[in-house]
Amino acid sequence: MRLSNYVLPLLREDSSDAQIVSHQLMLRAGLVRQTAAGIYAWMPLGLRVLDKIAQIVREEQNRAGAIEMLMPTIQPADLWRESGRYDAYGPEMLRIRDRHDRDLLFGPTAEEVVTSLMRGSVNSYRDLPRTLYNIQWKFRDEIRPRFGVMRGREFLMKDAYSFDLDIDSARHSYNRMYVAYLRTFARMGLHAIPTKADPGPIGGDMSHEFILLANNGESDVFYHEEWEAGSQPEVPDFADNNAIDAFVAERTQFYAATDEMHDKAAEAELGDKLRTARGIEVGHIFYFGTKYSESMGLKVQGKDGEIVTPQMGSYGVGVSRLVGAIIEASHDDNGIIWPEAVAPFRVGIVNIRASDEASKAVADEIYARLTAAGVDVLYDDRDERGGAKFAAMDLIGLPWQVIVGPKGVERGTVELKSRASGEREDISPDALIAKFGG
RNA sequence: CGGGGAGUGGCGCAGCCAGGUAGCGCACCUGUUUUGGGUACAGGGGGUCGGAGGUUCGAAUCCUCUCUCCCCGACCA
């Protein structure tokens, strides 16, 4: 993409609306614009990041055996009356009335919808287990939205729902998601710790919040040093449930809890192995048994002809929140530092002197060849001073910057800079193309 | 919802207390400068001051009502 053809509204000054660094950088780097409290428009660059994150989530859900579908944003109130949540949910649910005076709502989550869909699609034990997921916009009318997309009212969430015949099977489904989440966050260059979370009325140990450590996080977390980045084992693949279960059993023996679940006794037990930090909740998995299947009449017939009420669990990833969370975890004084996996473009080309013919020819050629090689490239071809271009590139945080200018071109080289390390090297255009797979 | 704060060109702000018909920085446009890590100079375009009502000869400034946004708290992917 040529910057001269793009819409990238960069801001030189901080916005007075933004209080934390990720929100500030998202506004300055032209990723989002706020349209109402807690509601954001995703500008072109921001949408690319959102899509990258969603795609990683999607691939890992698929790998774990979950099946993608798409549920509506607007749901009928009657479905929620069946589960009893229409009254229970409270003012956080945005209620809507249509022209026929029918009660609708903008879905804050989708247990009711997915349960009703399964009710109409599943009849036999042969149809289970299944896990369905979708990546869809949700709306929760938060009392006080803040921190940009990290606590918006409208947000993009991956929500998955598992249906199993019995609790043992439900545990397998749960554990597969546990593993899928670790894989998902690791692929984004993130280190998220699965912490024990409030299991709700069902009780048990099947509820975990995945917390990304970050100074501006909203949760306090306590964890065994084993959870430190770098010390964790390879996450297994999904070949068989036993391997998955063994992995989860091995991992969950190491202490990790948010402050509301924190056990003072663990402090003494762990001693100097205990770590404390602040974090951002980026995922939540939990098992809730037959709460919805029971109330909404989802049943299947078992092997011996008996009627079985399926066990359910649900599994959320805050996709739009992750954009902010990643920036919170990965930035410096000059701007965002995108992990390669989620960067909106992999390479940024800066032509220092757009008016210099030789320099322009080299930059144009590199752009064409990288693009032809399938590399996502953002090419700053504007007739602008070099300094401003460097600052813009650092701000938007693309992993690699290629700097093309008359002096280098005379020597037959361009400069390749890593945004993360700041290291620069002079490299010939051919070697550059080769490095990026051209 | 309780407590606090703010709405003035795209962004950041001053002006309001002591009413006189809107200003600064950045961004933007034109020209010069040919500048290797946010260059400099000159010229220029753009706002009726969140909205409604009121007081006044005159309102961004005073009064009333109202809408919106931000911060602290309870709530949450």
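It should be emphasised that the depicted structure is a prediction, and the values quoted were computed from it without experimental measurement. Sequence lines set the chain letters: A, B, ... in the order given, protein chains first and strands last, and positions in each chain run from 1.
If you check every strand for non-hydrogen atoms under 4.0 Å, A:Glu281 touches sugar and phosphate atoms only. Within the nucleic acid shown, A:Gly324 has no heavy atom closer than 4.0 Å to any nucleic acid atom. At the heavy-atom level, A:Gly387 lies under 4.0 Å from the strands shown only through sugar-phosphate atoms. Across all strands, A:Val319 comes closer than 4.0 Å to no nucleic acid atom at all (heavy-atom distances). No contact: A:Asp356 has no heavy atom under 4.0 Å from any strand. The residue A:Ile403 sits close to a base: some heavy atom pair falls under 4.0 Å. The residue A:Gly90 sits apart from the nucleic acid: no heavy atom pair falls under 4.0 Å. Contacts of A:Gln19 with the nucleic acid, taken as non-hydrogen atoms under 4.0 Å apart, involve only primed sugar atoms and P, OP1 or OP2. Counting any heavy atom pair closer than 4.0 Å across all strands shown, A:Glu92 reaches sugar-phosphate atoms only and no base atom. Within 4.0 Å (heavy atoms only), A:Pro406 reaches at least one base atom of the nucleic acid. Among the atoms of the strands shown, none is found under 4.0 Å from any heavy atom of A:Gly386.
The interatomic distance linking A:Gln136 (CD) with B:rA77 (C1') rounds to 14 Å, in whole Å. One can place CZ of A:Arg382 at 13 Å from C1' of B:rC28, the figure rounded to the nearest angstrom. The CD1-P distance, from A:Ile352 to B:rU34, rounds to 17 Å in whole Å. Atom-to-atom, CG of A:Asn351 to P of B:rU34 comes out at 19 Å; the value is rounded to the nearest Å. The CZ-C1' distance, from A:Arg146 to B:rA6, rounds to 18 Å in whole Å. Rounded to whole angstrom, the span from the CG atom of A:Leu10 across to the C1' atom of B:rA27 amounts to 11 Å. Taking atom CZ on A:Phe147 and atom P on B:rA77, their separation rounds to 16 Å, with Å as the unit.
OP1 or OP2 of B:rC75 has not a single side-chain nitrogen or oxygen of A:Arg140 nearer than 4.0 Å. Side-chain N/O atoms of A:Ser15 include one lying less than 4.0 angstrom from OP1 or OP2 on B:rG12.
B:rG25: Watson-Crick or G-U partner is B:rC11, with both key distances under 3.5 Å. The partner of B:rC69 is B:rG5, by the rule that a Watson-Crick or G-U pair needs both atom distances under 3.5 Å.
Taking only distance into account, the side chain of A:Arg12 never meets the base of B:rC26 through a donor-acceptor pair shorter than 3.5 Å. For a distance-only test at 3.5 Å, the side chain of A:Arg424 qualifies as a donor-acceptor partner of the base of B:rG37. Looking at A:Arg28, its side chain has no donor and acceptor atom pair within 3.5 Å of the base of B:rC11.
Side-chain atoms of A:Asn134 come within 3.5 Å of backbone atoms of A:Met71 as a donor-acceptor pair (strictly under, hydrogens ignored).
Considering only the side chain of A:Lys417, B:rG37 comes nearest among B:rG37, B:rA77, B:rA74. Taking every side-chain heavy atom of A:Glu13 into account, B:rC26 is the closest of B:rA77, B:rC26, B:rC75. Residue A:Gln34 places its side chain closer to B:rC70 than to any other of B:rU34, B:rC70, B:rG37.
Residue-nucleotide stacking is not present for A:Phe390 and B:rG38, judged by a side-chain ring centre under 5.5 Å from the six-membered base ring centre and planes under 30° apart.
Taking the six-membered ring wherever Trp is involved, the centroid distance between the rings of A:Phe210 and A:His208 does not fall below 6.0 Å. Annotation: A:Phe222 is in aromatic contact with A:His262 [ring centroid separation under 6.0 Å]. Aromatic ring centres of A:Trp137 and A:Phe155 lie farther apart than the 6.0 Å criterion allows. In this structure, the ring of A:Phe254 has its center less than 6.0 angstrom from the ring center of A:His224.
Of the two residues near RNA chain B, A:Val404 and A:Ala37, the one whose nearest nucleotide lies more 5' is A:Val404. The residue among A:Leu156 and A:Thr35 whose nearest nucleotide of RNA chain B is located toward the 5' end is A:Thr35.
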Item to check | Stepwise ring pair (Phe, Tyr, Trp, His ring centres under 6.0 Å) check, A:Phe286 with A:Phe288 | outcome: CA-CA 6 Å; A:Phe286 62 101; A:Phe288 48 72; 5.7 Å; yes
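Put simply, the side chain of A:Ile53 reaches to within 4.5 Å of the side chain of A:Val323, judged on heavy atoms.
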